[in-house]
Amino acid sequence: MPSEFSLKAIKIMKNIPGGKVVTYGQVATYAGNNRGARQIVRLLNSSWEKEQLPWHRVINSKGKISLTPGDGYELQKMLLENEGIQFDENDLIDLSRFGWNINI
DNA sequence: CAACTGACGATAG
DNA sequence: CCTATCGCCAGTT
């Protein structure tokens, strides 16, 4: 039985529109725990496949991909660019333009 | 049952 | 800008 936090987090992530991204902190806050970023990490690692979550649209608060090159970074960047998201010269995503304003 | 682990965040220096 | 710390908490070891 998943926690209420998990249910909300999953519901939110399943609603992220293409071409937009959200941060761990945002999802955690809207799911009811503004300090639950790590639980979001757990969810993405353990059940993104089962819950069909767009894991690539979840990034850290600086607008940067947290994966390391060679371990999914390239894949995630490619998936995002494929949705129209652009990266600046420092590989950062402009959250003011591509960040999704959650409203469930 | 204690210790450890995370694709993190906020804060302080 | 950078490193160092602490908080958070479910799932593993």
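Values below: all heavy atoms of this structure, side chains included; hydrogens, waters and symmetry mates excluded. Labels below follow one simple rule: chain letters A, B, ... track the order of the sequence lines, proteins then strands, and each chain is numbered from 1.
- A heavy-atom distance below 4.0 Å to DNA chain B is reached by these residues of residues 16-27 of chain A, ordered by number: A/Y24, A/G25.
- Residues A/W48 and A/M13 are not in side-chain contact: their nearest non-hydrogen atoms beyond the backbone lie 4.5 Å or more apart.
- When all heavy atoms are compared, the tightest approach of A/Y24 to A/I40 is CD2-CG2, 3.7 Å.
- Listed by residue number, the members of residues 75-82 of chain A with any heavy atom below 4.0 angstrom from DNA chain B form an empty set.
- A/K20 and A/E83 are not joined by a salt bridge, as no carboxylate oxygen comes within less than 4.0 angstrom of a charged side-chain nitrogen.
- Expressed to the nearest 0.5 Å, how far CD1 of A/I59 lies from NZ of A/K77 amounts to 13.0 Å.
- Counting only residues at least two apart or on different chains, no salt bridge (charged side-chain N to carboxylate O under 4.0 Å, His left out) pair has a member in residues 60-71 of chain A.
- Of all heavy-atom pairs between A/S66 and A/N60, the closest is OG-ND2, 3.1 Å.
- Residues A/N33 and A/F5 come closest through the heavy atom pair CB-CE1, 3.5 Å.
- By the salt bridge (charged side-chain N to carboxylate O under 4.0 Å, His left out) test, A/E74 pairs with no residue at all, sequence neighbours left out.
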Could you run down nucleotides 8-13 of chain C 5' to 3' and tag each one B, S or - for protein heavy-atom contact under 4.0 Å?
BBBS--
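- Scanning for side chain to side chain donor-acceptor pair (under 3.5 Å) contacts around A/N34 gives an empty result, with sequence neighbours left out.
- Closest heavy-atom contact between A/A28 and A/A37: CB-N, 3.7 Å.
- Scanning DNA chain B 5' to 3' for nucleotides with an atom closer than 4.0 angstrom to a non-hydrogen atom of chain A gives a first and last hit of B/dG6 to B/dA10.
- For A/K8, the salt bridge (charged side-chain N to carboxylate O under 4.0 Å, His left out) partners are A/E4, not counting sequence neighbours.
- Take A/R42 and apply the salt bridge (charged side-chain N to carboxylate O under 4.0 Å, His left out) test, not counting sequence neighbours, and it matches no residue.
- Near-neighbour residues of DNA chain B inside residues 54-67 of chain A, defined by a heavy atom below 4.0 Å, number-ordered: A/W55, A/V58, A/N60, A/S61, A/S66, A/L67.
- Here A/Q86 pairs with A/R97, A/F98 under the side-chain contact (heavy atoms from CB on, under 4.5 Å) rule; sequence neighbours left out.
- Contact detail for A/W100 and A/V22: the closest heavy-atom pair is CE3-CG1, 3.4 Å.
- A/R38 is linked by a side chain to side chain donor-acceptor pair (under 3.5 Å) to nothing, counting only residues two or more places apart in sequence or in another chain.
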